[in-house]
2 protein chains.
Amino acid sequence: MSKSTSKPITLKQVAAAAGVSLSTASRALSGKAEAYRISSTTEKSVRDAAKKLQFSPSLLARSLRSQRTKLWGIVLPNIANPFFAAIAREIALTAEENAFSVLITDSQENSETEVHLVEQLLARQIEGLIVCPVGIRNQHLTKIAKQKLPLVLVDRGFDHKDLVTVTSDHRAGARAATKLLLESGHRTIGILQGLPDTLPNTERLVGVREAFALQNIAFDPALIAGNHFDETSGYQAAGKLLSEYPEITALFAFSNQNALGALRAAGELGRKIPDDLSLIAFDDHPFAAYLAAPLTSVNQDVSQLGRVAARLLMGQIKTGALPEERQHRIPVQLMIRASIMKIG
Amino acid sequence: MSKSTSKPITLKQVAAAAGVSLSTASRALSGKAEAYRISSTTEKSVRDAAKKLQFSPSLLARSLRSQRTKLWGIVLPNIANPFFAAIAREIALTAEENAFSVLITDSQENSETEVHLVEQLLARQIEGLIVCPVGIRNQHLTKIAKQKLPLVLVDRGFDHKDLVTVTSDHRAGARAATKLLLESGHRTIGILQGLPDTLPNTERLVGVREAFALQNIAFDPALIAGNHFDETSGYQAAGKLLSEYPEITALFAFSNQNALGALRAAGELGRKIPDDLSLIAFDDHPFAAYLAAPLTSVNQDVSQLGRVAARLLMGQIKTGALPEERQHRIPVQLMIRASIMKIG
DNA sequence: CTAATATGCACAATCGATTGTGCAAAGGGG
DNA sequence: CCCCTTTGCACAATCGATTGTGCATATTAG
């Protein structure tokens with residue numbers, strides 16, 4: 001195979017076919033004929049030769065020379081997760097509109113991997129980078145910002161004046177969800193949290209506390225459990241909370257995966273939703289409405305998240321400057337269904 | 001920003017810092033010191049200089065020279081779809097293991113876009129390509145195969161002796177699903193199909209017919225409806241079939257999105273699952289078990305699909321030859337839950 | 001002590017494009 | 001008829017690496 005691979009056509013061959021020099025061929029094809037006084041007959045003969053040979057310029061060579069790769073890099077914790085996949089898609093589509101290609105990578109929620117991937121992307125001379133950081137380390141990101149490489153953090157961020165971030169309004173969403181539970185009469189509410197110390201998790205906890213404070217109700221931190229955004233964490237946390245605190249009447253899951261785990265745990269403990277237990281989740285899901293108990297949830301506008309991130313990146317590349325606003329918050333929306341029961 | 005961007009360190013600067021020539025620096029860093037008789041002291045001084053300057057070689061330049069980009073291209077119809085996202089992930093992880101990077105693109109189920117994306121990827125001199133073709137056109141793909149560029153088709157394929165494809169065993173899966181319905185006593189079964197004339201859809205229809213034939217039961221093609229793998233198609237097809245043929249006792253949805261639509265349509269028509277209507281779907285889903293009626297489905301091993309595709313690609317790149325077997329079928333698995341009721 | 005070999009490294013070509021500059025030939029004015 | 005301007009294009013450097021070859025100096029053999 002390698003032997004007989006037909007090498008791609010180069011500009012040299014086109015130039016030879018048209019009987020002109022390399023430089024003339026280049027200029028004829030890149031629309032600079034007039035600026036460099038290439039006659040229209042010559043231009044046409046070059047174009048014809050290029051078409052006949054099916055010439056397609058090597059973006060590699062062009063990038064090397066022009067120092068512009070037309071490449072973006074993306075690092076996400078798990079591209080199979082529909083949430084990140086949706087973000088990736090919006091970025092990919094926006095990139096395509098702007099003639100960029102995207103190197104999409106998966107850090108597997110591992111900080112070392114993330115650092116390594118970022119380095120690898122930089123070695124490929126990407127012109128912009130979008131990262132959803134695992135969150136343990138961030139020097140590699142602030143360093144990039146210092147080097148003035150356009151960078152946008154999405155979903156999770158850091159509080160840093162030079163870091164452009166796009167996140168959902170986790171705080172407002174969690175506040176609204178909690179408020180809904182409180183107004184439905186729930187007082188003992190278990191919180192199934194995700195990865196601690198990540199921005200979404202922290203902000204959501206703040207939102208929960210705010211809602212309690214607004215109603216002058218005491219919040220018991222002992223009712224927080226869980227350590228990941230996945231199904232297992234939700235399952236274990238729900239099981240633990242429901243066993244230790246049977247008086248819990250409602251659970252707030254910080255992800256739909258957590259909610260899934262909660263559903264399983266509740267089922268095993270014989271607690272029916274919503275009759276014996278109310279449930280609300282952060283993150284909506286297409287199937288949420290079709291569950292045994294249609295799930296009330298906080299819907300993140302994931303597409304918007306990706307689109308705004310991509311636009312902010314494109315903006316930095318075009319203007320060469322950081323946007324005025326650094327922290328962008330995308331509004332969330334409460335999807336009220338049937339998994340919450342009024343009590344008391 | 002663009003002005004003050006600190007340019008990356010080049011090998012030239014490292015060579016200068018170490019007081020050696022470019023070629024020596026290159027050889028010292030690429031482990032060819034011995035082969036080219038670079039003294040170990042010189043080698044060390046180059047390595048030190050490189051480390052001090054934080055030198056990272058330009059993959060762009062290296063690729064141009066070596067004619068090896070270490071790049072893969074992927075074209076999928078919709079990377080936000082969890083099915084394709086899972087495939088993309090396995091490919092990305094396998095690529096990473098082999099020091100490749102992946103350009104992931106989204107054809108939006110549009111054949112023109114697909115052709116364009118493939119061209120764009122080729123212009124970047126990718127070393128391998130994985131495509132899930134929209135299915136309308138295929139000359140661009142056979143052409144690539146003829147040019148000996150490693151290519152693997154995934155999920156959907158063409159019957160062509162030089163095209164390497166990896167798909168689920170759609171036929172066996174559909175046959176098993178249909179058999180289950182027939183054995184449960186169902187005779188009037190509505191088929192909610194996906195995009196017609198795509199390989200998965202066609203093969204699944206074949207599987208359905210085979211199951212009927214095996215039991216010597218006549219199959220009525222009028223009971224096939226739908227034209228896409230999405231929720232809307234499932235909704236409309238189910239609505240149409242259930243209205244026109246109220247005697248239908250079971251639906252076979254060709255995707256979980258189709259099933260979702262069927263769920264909605266059935267709900268609106270007042271038919272409860274599984275009591276008034278049985279339902280089975282192609283494609284499992286994490287939420288399937290938690291639905292009002294836990295959904296029986298045919299589970300595709302999506303990760304395996306992606307992994308096998310990536311390995312076949314890597315194999316072609318390493319050996320420079322096509323694999324012996326061209327058509328790879330990944331087994332599917334029946335997930336029996338509660339959405340089917342025995343009748344008759 | 002000289003010739004042959006070994007050692008250590010630099011020079012320069014190359015990958016495929018872009019781009020500043022220079023040199024002919026054609027055209028125009030006096 | 002000569003000079004000057006314009007037209008039309010080619011030459012060569014460049015981006016940042018890799019790699020074949022050649023030339024010194026050091027070492028060893030005879």
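We name chains A, B, ... by the order of the sequence lines, and we start the count at 1 in each one. Please read these numbers as outputs of a predicted model, since none were measured by experiment.
Taking atom CG of residue Leu29(A) and atom P of nucleotide dT18(C), one finds them 8 Å apart after rounding to whole Å. Straight-line distance from the CZ atom of Arg68(A) to the C1' atom of dT18(C): 14 Å, rounded to whole Å. In this structure, Leu11(A) places its CG atom 13 Å from C1' of dC15(C), rounding to the nearest Å. Between the C1' atom of dT19(D) and the CG atom of Leu64(B) lies a distance of 14 Å, rounded to the nearest Å. Straight-line distance from the CD atom of Glu34(B) to the P atom of dT7(C): 11 Å, rounded to whole Å. Regarding Gln13(B), its CD atom lies at a distance of 11 Å from the P atom of dC15(D), rounded to whole Å. Remark: P of dG8(D) and NZ of Lys44(A) are 17 Å apart, rounded to the nearest angstrom. Whole-Å rounding puts the Lys32(A) NZ to dT7(D) P distance at 20 Å.
At a threshold of 4.5 Å between non-hydrogen side-chain atoms, the residues Val102(A) and Leu71(A) do not count as touching.
Between Asp48(A) and Lys52(A) there is no salt bridge, since no side-chain N of the basic residue sits under 4.0 Å from a carboxylate O of the acidic one. Lys148(A) has no carboxylate O lying under 4.0 Å from a charged side-chain N of Glu127(A), or vice versa, which leaves the two without a salt bridge. Residues Asp162(A) and Lys146(A) are not paired through a salt bridge, judged by the lack of any N-O separation under 4.0 Å between the basic side chain and the carboxylate.
Note on Gln67(B): every side-chain N or O is 4.0 Å or more away from OP1 and OP2 of dT18(D).
Glu119(B) and Ser56(A) share no side-chain donor-acceptor pair at under 3.5 Å. For the 3.5 Å distance criterion, the side chains of Ser23(A) and Ser21(A) qualify, holding a donor opposite an acceptor. Ser45(A) and Thr42(A) form no side-chain donor-acceptor contact under 3.5 Å, judged by distance and modelled atom types alone. A donor and an acceptor atom, one from each side chain of Thr69(A) and Gln125(A), are nowhere located under 3.5 Å apart. For the residue pair Arg124(B) and Ser101(A), a side-chain donor N or O sits within less than 3.5 Å of a side-chain acceptor on the partner. Between Gln108(B) and Thr113(B), the side chains place no donor N or O within less than 3.5 Å of an acceptor N or O (distance only, hydrogens not considered).
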Heteroatom pairs (N/O) under 3.5 angstrom, protein to nucleotides 3-5 of chain C:
none

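Within the nucleic acid shown, Ser26(B) comes within 4.0 Å of at least one base atom, counting heavy atoms only.
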With sugar-phosphate taken as primed atoms, P, OP1 and OP2 and all else as base, the protein-contact string of nucleotides 8-14 of chain C at under 4.0 Å (heavy atoms; B, S, -) is BBBB-BB
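Between the two ends of the helix from dC1(C)-dG30(D) to dG30(C)-dC1(D), each summarised by a five-pair axis, the helix axis turns through 70° (rounded to 10 degrees).
Looking at every heavy atom in both residues, Leu11(B) comes nearest to Leu22(B) through CD2-O, 4.0 Å.
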